[in-house]
Amino acid sequence: MAQGKNAWVKPLSTAVNLGTSIAAAIALPTWIGHKLDERFGTGMLWIILGLFFGMATAGKMVWDRMIKDHGDEVPVYRRKKTTENNDENSPDVKQYRDAYAEEDKKDDDDERSSWW
């Protein structure tokens, strides 16, 4: 079985898993809050607390998943754009110079295509 043929299975599985986990993390504490409000007659106090707790839990799950998938990567906005000695031949400087050159080329191509 070719790897490219079923490349969509893992991302779809991850999306469904994360989506149902988020829904459950928000719905369950909110439902429990509703039941507590009915029992003690506290208006919407427990529903709101359950909702905030569920949203915090869902946010933590998304954060953990993001760190698991991309934890060893340094975000582009946190990378140093130059080295300390500003050596033009260093790998860091070359990497950013090439990345910005590609970005500028794409912008130029987009501008040219928009005129046609």
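Keep in mind that what you see is a predicted model, and the values were worked out from it rather than measured.
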Got a second to check how far Met44's CE is from Leu49's CG, nearest 0.5 Å?
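The distance works out to 11.0 Å.
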Just verifying a value: how many Å separate Leu18 CG and Ser13 OG, rounded to the nearest 0.5 Å?
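If we round to the nearest 0.5 Å, Leu18:CG and Ser13:OG are 10.5 Å apart.
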Taking all non-hydrogen atoms of both residues, which atom of [X] and which atom of [Y] are closest, and how far apart?
X     : Y     : value
Leu36 : Thr42 : O-OG1, 4.4 Å
Ala7  : Pro11 : O-CD, 3.1 Å
Met61 : Ala25 : CE-CB, 3.7 Å
Pro29 : Gly54 : CG-CA, 4.0 Å
Thr30 : Leu51 : OG1-CA, 3.5 Å
Ala58 : Ile22 : CB-CG2, 3.9 Å

With a 3.5 Å cut-off and no angle check, do the side chains of Arg65 and Thr14 form a donor-acceptor pair?
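Side-chain D/A pair, Arg65 to Thr14: present.
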Could you state whether [X] and [Y] fall into the same hydrophobic cluster, counting links through intermediate Ile, Leu, Val, Met, Phe, Trp or Tyr residues with side-chain heavy atoms under 4.5 angstrom apart?
X     : Y     : result
Phe40 : Ile32 : yes
Ile67 : Val62 : no
Trp46 : Leu28 : yes

Pair Asp64 + Lys60, salt bridge at N-O below 4.0 Å:
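Yes.
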